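Structure first, commentary second.
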There are 2 protein chains.
Amino acid sequence: MLDFAILGLLMERPRHGYELRRALGELGFWKVSFGSLYPSLRRLEKRGAIKATKVSGRRKAYEITREGIAIFDTLLSTNPEATETDRGFQVRLAFLGHLPSDRRIQVMDRRRRELSTQLKTAREILIEARSATKNEDRYRIALMEHSMQSTEADIAWLDGLVAAERGVASAT
Amino acid sequence: MLDFAILGLLMERPRHGYELRRALGELGFWKVSFGSLYPSLRRLEKRGAIKATKVSGRRKAYEITREGIAIFDTLLSTNPEATETDRGFQVRLAFLGHLPSDRRIQVMDRRRRELSTQLKTAREILIEARSATKNEDRYRIALMEHSMQSTEADIAWLDGLVAAERGVASAT
DNA sequence: CTCCAACTATATCGTTTCGATACATCAGTA
DNA sequence: TACTGATGTATCGAAACGATATAGTTGGAG
C-alpha cells in the first residue's frame, strides 16, 4: 500500500524520504508516519525497486529502478479480487493517470458499485437503529447518518470523475 | 483506541466478540478486523477491565467490570494534547453521550478548530498544486479537491451537532 | 430427513502501520 | 553567539490489518 504509493511518486521524479511523506500528506487522506515511511523505503530498496543516492548532508534521494517500474505497473493494473479499502482505492486513484482511459473507467465503475452496495446496507442498518434508539445513542445515530452522507458524496464525486474521463476519451 | 471503543459498547450491555465487531462496523467508519478485535479483548481481560463468561457452545459474553468503567471514564474525559486522528475523534463522538452537555460542546468545538486549520493549509496546497499541474496529475488534484470538500462537509456537520446540543442544553 | 451451503463465532499468524521519540543539520534572528 | 523552528533520517514497541483455519448452527433443496 505505502510501497505502491511511494513507487507511484517516484515514477515522476526522484525524491527524498521527507518529501515523499509531504507529497503523500498533501493528497489529504493520509498522514504517513515516519515509522511507516522508512521501513517501507528499506523494503523497496531490498527488493531492488528503488535505489538511494546521497545528496548533501544527511539527505538521500531515492529513484525508481527498471525493476521498480515493473512492480509499479503490476500493482497498478492488478485490482484485487476482494473489496479494496478506502485508502487503497484513493492511492490507486492518485496514480490512475498511468492507466489507459478505458481501464480508468473500469476501476472507478467498480468502486462505484462497491460504494452503492455499502450504501444500501448502511441505509437498512440506519432504519433499524433509529427504531431502537434510546436517545443515549443520539451521537451514534448521527455518526451513521454522516457516514452515509459521505458515501453518497463519494459516489457523486466518482460520477463526476467518470463523466470527465469519458469526455476526455471521446474528445480524442 | 479499539480498547476504548469496546469498553464504550460494553457500557451499555454485555456482548460477545463478533457482536462487538458488527456494532463497530455499523457505525460506518471502521471495519475492525479479527486480528485487531481478539487481541484487544485479551488486553482488556488482562487489565481486568472486562470479564468473559461462557454462554453457549463457543460463544463468550464479555461484560465490563468496575475497573473497566473507571478506565472508560478516564479515557473519555481526557482528550489528548495533540491533534486526534479522524478515527480517534469519531470513536470519541460515538460515546459522547456519556459526557455532560457542556463537555460535549467543548470536544466538538475543538475538533472544529482543528479541521478549520487543516482546511486552510489544504486550500493553500491546492492553489499551489493547480498552478504546477502537468495534466498527468489530474487525479491527484481531484483527490485534493475532494478531500477538501469532505473536510468542509465535516465542519458543517459538526456545526449542526453543536447547534443541536446547545438546543437540548437550553431546553433543560 | 439428510446433506450442504451460508452464516455465526473464536482464534492466530506474519506483516504493515502507527505514534512517540531521538537526534542531526541548517536558516534566520535576537 | 545562542536560540528557535523547520527540515531531515532513523528506530522502538505497540496497535491494527488481512488472510486463513476451524468449528458450531441454521435453513432450505433434493
Side-chain angles (χ1 to χ4, degrees), chain A residues 1-7 14-27 29-47 49-50 52-62 75 78-91 121, chain B residues 1-7 14-27 29-47 49-62 75 78-91 121 124:
Chain A
M1 179 78 265
L2 180 50
D3 296 23
F4 174 59
I6 288 176
L7 290 178
R15 292 170 140 106
H16 56 262
Y18 199 83
E19 204 185 344
L20 286 165
R21 180 172 182 265
R22 187 182 336 99
L24 242 16
E26 286 178 352
L27 295 179
F29 59 87
W30 191 8
K31 311 290 164 224
V32 180
S33 73
F34 294 121
S36 311
L37 179 69
Y38 289 103
S40 174
L41 288 171
R42 294 299 146 265
R43 276 196 301 272
L44 288 168
E45 239 178 335
K46 200 151 40 173
R47 288 216 290 171
I50 63 176
T53 34
K54 271 248 182 38
V55 179
S56 76
R58 320 177 70 219
R59 284 235 294 277
K60 287 181 190 173
Y62 294 94
L75 292 174
T78 311
N79 46 354
E81 65 307 341
T83 302
E84 236 170 353
T85 59
D86 291 1
R87 212 149 71 187
F89 173 73
Q90 294 188 95
V91 170
T121 52
Chain B
M1 178 77 265
L2 179 51
D3 296 24
F4 174 58
I6 288 174
L7 290 178
R15 292 171 141 107
H16 56 263
Y18 199 82
E19 203 185 344
L20 287 165
R21 181 173 180 264
R22 188 184 331 101
L24 242 16
E26 285 177 352
L27 296 180
F29 59 87
W30 192 7
K31 311 290 165 220
V32 181
S33 73
F34 294 121
S36 312
L37 179 69
Y38 290 104
S40 174
L41 288 170
R42 295 299 147 266
R43 276 197 300 274
L44 289 167
E45 238 178 335
K46 199 152 40 174
R47 288 215 294 174
I50 62 176
K51 92 172 143 46
T53 35
K54 270 250 182 36
V55 178
S56 75
R58 320 176 71 217
R59 285 235 295 276
K60 287 180 189 172
Y62 293 94
L75 291 174
T78 311
N79 46 353
E81 68 302 346
T83 301
E84 236 170 352
T85 59
D86 292 1
R87 211 147 74 187
F89 173 74
Q90 294 187 93
V91 170
T121 51
E124 287 161 12

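All values derive from a computational prediction rather than experimental measurement.
Of the side-chain N and O atoms in B:R87, none sit less than 4.0 angstrom from OP1 or OP2 of D:dA16. Residue A:S33 has no polar side-chain atom (N or O) positioned under 4.0 Å from OP1 or OP2 of C:dT17. Checking the phosphate oxygens (OP1, OP2) of C:dA11, no side-chain nitrogen or oxygen of B:Y38 falls inside 4.0 Å. The shortest distance between the side-chain N/O atoms of A:W30 and the OP1/OP2 oxygens of C:dC18 is below 4.0 Å. For C:dC18, the OP1/OP2 oxygens have a side-chain nitrogen or oxygen of A:S36 closer than 4.0 Å. For D:dA16, one of the phosphate oxygens OP1 or OP2 lies less than 4.0 angstrom from a side-chain nitrogen or oxygen of B:R43.
Of the two residues near DNA chain C, A:V32 and B:K60, the one whose nearest nucleotide lies more 5' is B:K60. Ranked by how close their nearest DNA chain C nucleotide is to the 5' end, B:R42 and B:A82 are led by B:R42.
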| request: Kindly determine whether A:Y62 and A:L44 satisfy side chain to side chain contact (heavy atoms under 4.5 Å, CB included), including the steps that lead there. | output: CA-CA 10 Å; A:Y62 294 94; A:L44 288 168; over 6 Å; no
| message | Is there a side chain to side chain contact (heavy atoms under 4.5 Å, CB included) between A:Q90 and A:L27? Walk through the geometry before answering. | response | CA-CA 9 Å; A:Q90 294 188 95; A:L27 295 179; over 6 Å; no
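Atom NZ of B:K54 and atom P of D:dA23 are 16 Å apart (whole Å). A straight line from CD of A:E81 to C1' of D:dT20 spans 13 Å, rounded to a whole angstrom. If you take CD of B:E19 and P of C:dT10, they are 9 Å apart, rounded to a whole angstrom. Summarising the geometry, the separation between CG on B:L37 and P on D:dT20 is reported as 19 Å, rounded to the nearest angstrom. Taking atom CG of A:L20 as the reference point, atom C1' of D:dA10 lies 15 Å away to the nearest angstrom. Look at CZ on A:F34: it is 13 Å from P on C:dA20, rounded to the nearest Å. In this structure, A:D86 places its CG atom 16 Å from C1' of C:dT17, rounding to the nearest Å. Atom CG of A:L41 is separated from atom P of D:dA10 by 8 Å (rounded to the nearest Å).
Of the candidates D:dT11, D:dT7, C:dA9, C:dA9 carries the atom nearest the B:R59 side chain, counting heavy atoms from C-beta on.
The shortest side-chain heavy-atom distance between A:L20 and A:L41 falls under the 4.5 Å cut-off. Looking at heavy atoms from C-beta onward, A:W30 lies in side-chain contact with A:L2 at the 4.5 angstrom threshold. Side-chain atoms of B:Y18 and B:L37, non-hydrogen and from C-beta on, never get closer than 4.5 Å to each other.
Residue B:G35 is in base contact, counting any heavy-atom pair closer than 4.0 Å across all strands shown. Nucleic acid contact for B:R21: none, since no nucleic acid atom lies under 4.0 Å from a heavy atom of the residue. The residue A:L2 sits close only to the backbone: its heavy atoms come under 4.0 Å of sugar-phosphate atoms, none of a base. Nucleic acid contact for B:T85: sugar-phosphate only, since backbone atoms but no base atoms lie under 4.0 Å from a heavy atom of the residue.
A salt bridge between B:R42 and B:E45 is present, with a side-chain N of the basic residue lying under 4.0 Å from a carboxylate O of the acidic one.
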